[in-house]
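Counting starts at 1 for both ligands and their atoms, in listed order. Computed over heavy atoms, backbone and side chain alike; hydrogens, waters and symmetry mates excluded.
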Amino acid sequence: MKGKSTQIISSGYSGQSSSLERYNSINPPIYNASTVLFNDYAELKAVGQGQYDGFTYGTDGSPTQQAFEKALTELEGGYWTKAFPSGLLAITSTLQAFLHTGDHLLICNSVYGPVRRFARNVLDKFGVKTSYFPADAGADIEDYVTPETRFILLEAPGSNTFEIQDIPAVVKVARKHGILTAIDNTWATPLFFSPFAYGVDISIHSVTKYISGHSDVLLGSVTVNEACYKRFHRLCRALEIFASQDACYLALRGLKTLSIRLKQHEASALELASWLEGEAAVEAVLHPALASHPEHAIWQRDFKGSSGIFSFVLQPEYDEDAVARFVNKLELFAIGYSWGGFKSLITAGQFAQSDISRYKDRWMIRLNVGLEDVADLKADVQKALGVL
Ligand SMILES: Cc1ncc(COP(=O)(O)O)c(C=O)c1O
């Protein structure tokens with residue numbers, strides 16, 4: 001008879017997964033593990049010799065993570081996907097994978113703000129120079145290319161100011177100069193824009209947003225084409241990148257309802273955006289699906305839909321106090337960062353990042369339109385406009 005402590009350690013689950021494999025749940029199980037077991041010494045030896053193709057340790061990820069990565073590879077039409085603990089880590093790791101000392105990096109000036117911080121505080125230290133190009137760039141991006149330029153990071157549309165790059169034109173210039181291109185595809189999701197079909201090499205998502213969809217997950221993803229796979233895989237191995245199994249499970253779950261959620265976000269946001277265009281206090285609404293948007297024709301040509309986040313610019317006479325009064329009056333739009341979730345959210349600020357922007361130093365309000373009834377959302381905004 002073994003002692004109680006020994007019995008406890010081997011009780012319930014032996015580490016030889018037989019009954020679990022026969023439990024055919026419709027969703028993948030969540031495997032939380034640091035240690036994964038080998039069946040015998042021969043398997044252990046194969047690991048040491050680099051000849052084992054199974055999981056060797058928790059940092060290899062898990063079947064849950066692989067299921068999520070496989071789903072994104074298929075949806076994006078890429079070659080290989082890696083899940084990251086956040087969208088920002090997905091972006092910064094991609095830059096680390098492809099840039100070397102002496103290289104020059106081009107980023108669109110509407111980029112998600114913390115990417116600038118990474119370029120300034122980390123890439124610069126390693127001798128990678130970064131410059132920013134206008135967020136509405138097309139073939140004119142060639143003016144910003146130097147003999148050292150190796151990588152172009154796009155974000156279309158920008159998540160505060162919503163400019164769209166002419167992606168085929170940028171890709172053409174990039175290919176001519178042997179430069180890699182990556183896009184932050186979070187706004188469009190794999191449903192509304194297909195980067196690989198347009199020749200982009202790498203597609204990045206903050207899965208935190210629409211894909212997970214419920215504001216309870218932080219997760220990122222990077223999908224690469226075949227040509228980029230080796231270099232990217234090498235970095236992921238070196239950093240032992242892995243993502244939370246719970247996050248991958250929830251993201252996969254969110255993915256199942258992405259298309260119906262997105263349709264509702266799209267319809268409600270468009271209704272609010274079109275209505276706001278006619279309001280006296282509003283100078284402009286920044287939403288690519290509106291005919292008034294400067295890159296509307298490009299959006300129409302390349303994108304299959306629009307999601308539920310957009311901004312509007314108040315008339316010049318409104319100052320920060322007016323913005324504060326408007327924001328505080330809202331009841332259904334909660335004040336908070338991020339987007340893509342079920343709840344309507346609001347942020348406000350002077351978002352325009354470049355001197356050439358028409359809206360530099362102007363007050364903007366960004367709405368993340370959630371899944372509430374649109375009539376209620378409209379009434380809420382209408383009431384708040386009243387305080388202006
Ligand atoms: C466009 C865009 N990309 C990336 C990120 C970063 O994503 P995460 O919050 O998952 O780090 C954000 C976050 O707001 C974003 O808006």
Side-chain angles (χ1 to χ4, degrees), residues 65 68-69 72 76 81-96 107-119 122 132 135 152-165 167 182-193 195 200 202-223 241-244 246-248 250-252 254-255 258 262 265 269 286-288 299 303 306-311 334-341 343-349 351-353 364-370:
Q65 182 176 330
F68 171 69
E69 291 168 345
L72 262 203
E76 289 276 64
T81 298
K82 189 76 184 167
F84 286 78
S86 73
L88 183 65
L89 267 169
I91 299 169
T92 56
S93 304
T94 304
L95 298 176
Q96 286 182 71
I107 303 183
C108 65
N109 64 24
S110 58
V111 75
Y112 174 59
V115 178
R116 285 178 179 254
R117 194 169 54 206
F118 177 76
V122 182
Y132 295 86
I152 296 175
L153 179 62
L154 306 160
E155 184 182 312
S159 63
N160 282 319
T161 43
F162 299 91
E163 299 91 342
I164 291 197
Q165 295 98 61
I167 294 158
I183 188 167
D184 182 331
N185 199 26
T186 305
W187 182 88
T189 83
L191 300 184
F192 290 162
F193 184 68
V200 177
I202 300 158
S203 176
I204 304 174
H205 286 280
S206 166
V207 177
T208 309
K209 312 292 190 272
Y210 288 111
I211 294 177
S212 70
H214 294 76
S215 306
D216 52 0
V217 167
L218 276 164
L219 195 69
S221 71
V222 179
T223 305
I241 296 290
F242 65 96
S244 138
D246 292 309
C248 290
L250 288 171
L252 203 49
L255 195 57
L258 176 63
L262 213 50
H265 286 296
L286 312 180
H287 188 311
W299 170 81
F303 288 72
S306 59
S307 57
I309 178 175
F310 69 93
S311 293
I335 307 165
Y337 288 129
S338 207
W339 41 284
K343 169 110 186 107
S344 288
L345 298 173
I346 184 165
T347 57
F351 295 140
Q353 301 260 11
M364 290 189 196
I365 290 168
R366 187 183 80 173
L367 299 181
N368 165 59
V369 180

Exercise. Gly87 to ligand 1: N or O pair under 3.5 Å?
Worked result: yes
For this session: Return yes if some donor-acceptor pair links the side-chain N/O of Asn368 with the main-chain N/O of Lys343 below 3.5 Å, else return no.
Result: yes
Seminar exercise, completed: The closest protein heavy-atom partner of atom 13 (C) of ligand 1 is Lys209 NZ, 2.7 Å
Problem set entry | Thr81 side-chain N/O to Thr223 backbone N/O, donor-acceptor pair under 3.5 Å | no
For this session: Establish, yes or no, whether a centroid distance under 6.0 Å links the rings of Trp187 and Tyr210.
Result: no
For this session: Provide the number and element of each atom of ligand 1 under 4.0 Å from a heavy atom of Leu88.
Result: 6 (C), 7 (O), 8 (P), 11 (O)
Problem set entry | Atoms of ligand 1, numbered as shown, that sit under 4.0 Å from any heavy atom of Glu155 | 1 (C)
Problem set entry | Trp339 near ligand 1 by a heavy-atom separation under 4.0 Å | yes
Exercise. Hey, does His265 have a side-chain heavy atom less than 4.5 Å from the side chain of Trp339?
Worked result: no
Exercise. Has ligand 1 got any nitrogen or oxygen that is less than 3.5 angstrom from a nitrogen or oxygen of Leu218?
Worked result: no
Tabulate below the donor-acceptor pairs under 3.5 Å that side-chain atoms of residues 87-95 make, not counting sequence neighbours, or state none.
from, atom 1, to, atom 2, distance (Å)
Thr92, OG1, Leu88, O, 3.1
Thr92, OG1, Leu89, O, 3.4
Ser93, OG, Leu89, O, 2.6
Thr94, OG1, Ala90, O, 2.6

Problem set entry | Protein heavy atom at shortest distance from atom 7 (O) of ligand 1 | Ser206 OG, 2.9 Å
For this session: Around atom 15 (C) of ligand 1, find the nearest protein heavy atom and jot down its residue, atom name and distance.
Result: Tyr112 CD1, 3.5 Å
Problem set entry | Those residues that, when tested against Asn185, pass side-chain contact (heavy atoms from CB on, under 4.5 Å) (two or more places apart) | Glu76, Ile183, Ala188, Phe193, Pro195, Ser203, His205
Exercise. Which atoms of ligand 1 have any heavy atom of Thr208 under 4.0 Å away?
Worked result: 8 (P), 10 (O)
Exercise. Hey, looking at atom 3 (N) of ligand 1, which of Asp184, Ile309, Ile204 has the closest heavy atom?
Worked result: Asp184
Problem set entry | Pairwise side-chain contact, Thr186 with Tyr112, heavy-atom cut-off 4.5 Å (strictly under) | no
